[in-house]
K.L.:
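There's a structure below that I have some questions on.
Quick caveat, the model's predicted, so the values are computed rather than measured. Start at 1 and go down the list; that is how both ligands and their atoms are numbered.
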Amino acid sequence: MKIRSMIDRDKPAIMHILRNTPEFTPEEVDLAEEVIDDYLEDSAASGFFTLVADLEPGIGGYVVYGSVPISYNVWELYWFAVDGNIRGQGIGRKLWETAENNMWEAGARLLVIETSTKSEYDRTNLFYERAGYKEVGLIKDFYMIGDDQITYEKRRPQ
Ligand SMILES: CC(C)(COP(=O)(O)OP(=O)(O)OC[C@H]1O[C@@H](n2cnc3c(N)ncnc32)[C@H](O)[C@@H]1OP(=O)(O)O)[C@@H](O)C(=O)NCCC(=O)NCCS
């Protein structure tokens with residue numbers, strides 16, 4: 001498996017993964033596509049960084065992250081998905097480790113992940129906790145009544 005930056009021809013495979021990720025609503029998939037299009041049109045101007053897991057052949061998943069504008073070296077995870085048929089095989093970990101290393105190298109001081117507390121995200125949130133993320137905030141009923149937003153953070157290793 002190779003972790004590399006996304007290029008134009010990866011888009012159909014990524015859209016297929018997104019459309020078959022039951023955790024994501026159609027609106028979220030549309031938004032994810034807009035982010036991909038912005039990135040592919042002009043990655044530098046978009047402010048997004050997008051990595052894919054290239055299984056040679058086939059794309060196993062992708063991650064989008066970027067620095068938060070007007071913050072002091074805070075970086076954030078924007079989108080993250082691995083093909084539902086091949087989850088639990090270490091692809092997400094490899095993608096996220098590469099993204100994290102890139103962010104530290106780019107000078108990140110603080111990494112932030114905002115996600116949902118819906119039960120569908122239990123395993124995802126366990127993934128973040130196992131990756132060393134600490135829960136630092138919760139906004140009740142953020143996404144919908146009964147669907148809270150949880151914030152995780154990780155600080156630059158000393
Ligand atoms: C979160 C996600 C990207 C992780 O990718 P992955 O390739 O399954 O992750 P890995 O195989 O590297 O790590 C597996 C760990 O992730 C967690 N995990 C999350 N969802 C899982 C799933 N459906 N199947 C297996 N493990 C899952 C488990 O804690 C597991 O730990 P374990 O192997 O010690 O049991 C992937 O599960 C996914 O696409 N989830 C749905 C979309 C999503 O929630 N995106 C994030 C939005 S904030």
Side-chain angles (χ1 to χ4, degrees), residues 1-6 10-39 46-69 71 74-104 108 110-155 157:
M1 171 175 44
K2 196 195 288 172
I3 306 296
R4 57 164 176 80
S5 295
M6 183 183 180
D10 300 323
K11 186 181 165 186
I14 301 293
M15 291 312 300
H16 183 78
I17 293 172
L18 286 166
R19 291 194 182 108
N20 289 283
T21 297
E23 289 86 348
F24 296 149
T25 62
E27 292 76 17
E28 285 171 327
V29 174
D30 287 347
L31 193 55
E33 184 171 17
E34 281 177 32
V35 168
I36 288 171
D37 288 341
D38 280 357
Y39 170 80
S46 75
F48 299 122
F49 294 83
T50 304
L51 300 176
V52 299
D54 190 340
L55 305 181
E56 303 171 291
I59 298 298
Y62 91 125
V63 63
V64 185
Y65 58 93
S67 66
V68 179
S71 73
V74 180
W75 287 62
E76 190 165 17
L77 167 68
Y78 291 119
W79 296 97
F80 192 16
V82 166
D83 182 335
N85 298 313
I86 48 172
R87 287 189 199 166
Q89 296 178 20
I91 295 171
R93 192 163 303 156
K94 191 90 187 64
L95 267 170
W96 188 239
E97 271 173 17
T98 309
E100 269 191 346
N101 286 336
N102 290 352
M103 290 187 273
W104 298 137
L110 175 64
L111 308 186
V112 172
I113 297 172
E114 288 169 349
T115 179
S116 157
T117 57
K118 268 199 300 201
S119 59
E120 293 94 308
Y121 283 89
D122 283 354
R123 300 194 70 169
T124 299
N125 294 348
L126 195 60
F127 173 98
Y128 299 137
E129 286 162 27
R130 287 198 180 140
Y133 285 77
K134 206 169 69 172
E135 180 186 334
V136 288
L138 188 95
I139 304 178
K140 287 237 150 258
D141 303 325
F142 182 87
Y143 297 105
M144 212 174 274
I145 306 300
D147 183 2
D148 309 338
Q149 185 195 65
I150 182 167
T151 305
Y152 287 106
E153 68 154 49
K154 189 190 251 187
R155 304 220 162 219

K.L.:
With only distance considered, is Glu114 within less than 3.5 Å of ligand 1 through an N or O on each side?
P.N.:
no
K.L.:
Where is the nearest protein heavy atom to atom 27 (C) of ligand 1: which residue, which atom, and how far?
P.N.:
Arg123 NE, 3.7 Å
K.L.:
Using a plain distance cutoff, I'd like to know if Phe80 has any nitrogen or oxygen under 3.5 Å from a nitrogen or oxygen of ligand 1.
P.N.:
yes
K.L.:
Out of Trp96, Tyr121, Trp79, whose heavy atom sits nearest atom 47 (C) of ligand 1?
P.N.:
Tyr121
K.L.:
Does ligand 1 come near enough to Gly92 that some N or O of the ligand is less than 3.5 Å from an N or O of the residue?
P.N.:
yes
K.L.:
Okay, side chain of Glu97, backbone of Lys94: is any donor-acceptor separation there less than 3.5 Å?
P.N.:
no
K.L.:
Quick one: which of Tyr62, Phe127, Tyr128 has a heavy atom closest to atom 46 (C) of ligand 1?
P.N.:
Tyr128
K.L.:
Do any nitrogen or oxygen atoms of Glu23 lie less than 3.5 angstrom from nitrogen or oxygen atoms of ligand 1?
P.N.:
no
K.L.:
Does the N or O separation between Thr115 and ligand 1 drop below 3.5 Å for any pair?
P.N.:
no
K.L.:
Any N/O of Gly88 closer than 3.5 Å to an N/O of ligand 1?
P.N.:
yes
K.L.:
How close does the nearest protein non-hydrogen atom get to atom 30 (C) of ligand 1, and which residue and atom is it?
P.N.:
Arg130 NH1, 4.0 Å
K.L.:
Indicate whether the side chain of Glu129 and that of Tyr152 have a donor and an acceptor atom separated by less than 3.5 Å.
P.N.:
yes
K.L.:
Identify, for atom 39 (O) of ligand 1, the protein heavy atom at the shortest distance, and state residue, atom and that distance.
P.N.:
Val82 N, 2.8 Å
